Amino acid sequence: MNYIVIAAAIALGIILILWGFKTYRVWLGLIGFTFGYAFGGMLGQFTDSESLQFWLMIGFGIILGLIAYTLFKFAFTVSGALIGAVAAGYVLRMVVAEPQLWVLIAVYVIGAIVGGIIARMFIKPYLILSTSLFGGALLTLGIYSIFIKESVESLMNALTSEVGTFPWYIYSAIAVLALFGIVYQFKIFKGHEPKGLEK
């Protein structure tokens, strides 16, 4: 169990819940790193070296994280598409346990299109909602990982890919923290607009 990763997840969770709107470029970089990390892990499965797999995950995570942080306008729309796809797939698996591949792909594509459009049409609400939710998940799973001795990465992966993986109180904690972040950020950032993301 990596306590540095746990501490980073908890700290980032708090930052995103309270100041996600102001630190959205960091959040975009974090999303880029997460997907790069996962992609590197997929490539690493084709190797016999755990060390190589680790460095592929870190390397692709850093590369995509830096790209997302630098090309933030493009990354912002892509983040909306990715979150839309994940959310759509999650809802589908709640309804159908094992959907056919073509159905899953179609739902992912539709979710991505809708998510990207929503992100661009409702920039401020999307930023506050997504950072609060992501922060709530990081903070909750960071603390939870200490008690069950699982890595934060595996818990986040399970949260986004599997339905009903965690006890009810984990989902409740994420929801409560996200709701707090949404209310708090709308209140303190009233009248503010995200710089660089104007329509």
Side-chain angles (χ1 to χ4, degrees), residues 9 12-13 16-17 20-21 24-43 57 60-61 63-65 67-69 71-141 152-166 168 170-179 181-182 185-186 194 197 199:
L12 281 170
L16 289 174
I17 290 170
F21 178 76
Y24 72 89
R25 289 184 69 177
V26 175
W27 169 72
L28 290 174
L30 183 61
I31 288 182
F33 179 85
T34 301
F35 279 93
Y37 188 92
F39 180 70
M42 290 172 58
L43 292 180
M57 294 163 72
F60 276 101
I63 290 170
L64 287 188
I67 290 174
Y69 183 85
L71 305 176
F72 61 93
K73 284 189 176 181
F74 172 73
F76 179 79
T77 305
V78 172
S79 75
L82 289 173
I83 290 175
V86 170
Y90 197 86
V91 171
L92 174 64
R93 284 190 293 271
M94 289 178 66
V95 178
V96 183
E98 296 182 3
Q100 295 183 17
L101 180 60
W102 71 269
V103 175
L104 189 62
I105 293 174
V107 168
Y108 276 143
V109 170
I110 294 171
I113 293 172
V114 173
I117 292 173
I118 290 175
R120 291 307 304 173
M121 288 183 64
F122 305 99
I123 295 175
K124 184 175 180 178
Y126 165 75
L127 264 181
I128 292 177
L129 181 88
S130 55
T131 55
S132 297
L133 186 58
F134 202 66
L138 278 176
L139 178 54
T140 302
L141 296 184
V152 178
E153 305 97 304
S154 64
L155 292 178
M156 284 295 291
N157 180 61
L159 180 67
T160 56
S161 61
E162 301 173 23
V163 178
T165 305
F166 301 100
W168 65 269
I170 295 299
Y171 295 107
S172 299
I174 293 173
V176 169
L177 288 170
L179 182 60
I182 291 168
Q185 290 194 65
F186 268 115
L197 287 176
K199 296 179 182 179

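Just so you know, these numbers come straight off a predicted model, no measurement behind them. One is the number of the first residue; the rest follow in order along the sequence.
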Practice problem: Taking the side chain as every heavy atom from C-beta outward, state whether Val176 and Leu179 have any atom pair closer than 4.5 Å. | Solution: no
Quiz item: When rounded to the nearest 0.5 angstrom, what is the spacing between CD1 in Ile67 and CG in Leu28?
Solution: 13.0 Å
Practice problem: Give the C-alpha distance, both sets of side-chain angles, the deciding distance and a yes or no for side-chain contact (heavy atoms from CB on, under 4.5 Å) between Leu129 and Leu133. | Solution: CA-CA 6 Å; Leu129 181 88; Leu133 186 58; 5.6 Å; no
Quiz item: Does Phe76 have its ring centroid less than 6.0 Å away from the ring centroid of Phe72?
Solution: no
Exercise. Indicate the atoms forming the closest heavy-atom contact of Ile128 with Thr131, along with that distance.
Key: O-OG1, 3.3 Å
Quiz item: Given Phe134 and Leu30, is the side-chain contact (heavy atoms from CB on, under 4.5 Å) satisfied, shown in steps?
Solution: CA-CA 10 Å; Phe134 202 66; Leu30 183 61; 3.4 Å; yes
Quiz item: Going by heavy atoms in the side chains, are Arg120 and Ile117 under 4.5 Å from each other?
Solution: no
Quiz item: For the residue pair Gly80 and Ala119, what are the closest heavy atoms and their distance?
Solution: CA-CB, 3.9 Å
Exercise. Might you point out which heavy atoms bring Gly111 and Ala88 nearest each other, and give the distance in Å?
Key: CA-CB, 3.8 Å
Quiz item: Donor-acceptor pair, Thr140 side chain versus Ala137 backbone, under 3.5 Å?
Solution: no
Exercise. Using modelled atom types only, decide if a donor and an acceptor are shared between the side chain of Gln185 and the backbone of Leu16 within a distance under 3.5 Å.
Key: yes
Self-check item: Nearest-0.5 Å distance, CZ of residue Phe21 to CD1 of residue Ile123
Solution: 9.5 Å
Quiz item: When you check the side-chain N and O atoms of Ser79 and Tyr126, is any donor under 3.5 Å from an acceptor?
Solution: yes
Exercise. Would you name the heavy atoms of Leu104 and Pro99 that are closest together and state the gap between them?
Key: CD1-CG, 4.2 Å
Quiz item: With sequence neighbours left out, what residues match Tyr69 under ring pair (Phe, Tyr, Trp, His ring centres under 6.0 Å)?
Solution: none
Practice problem: Give the minimum heavy-atom separation between Gly136 and Ile174, together with the two atoms involved. | Solution: O-CG1, 3.9 Å
Quiz prompt | Distance-minimising heavy-atom pair for Ser132 and Gly181 | solution = OG-C, 3.1 Å
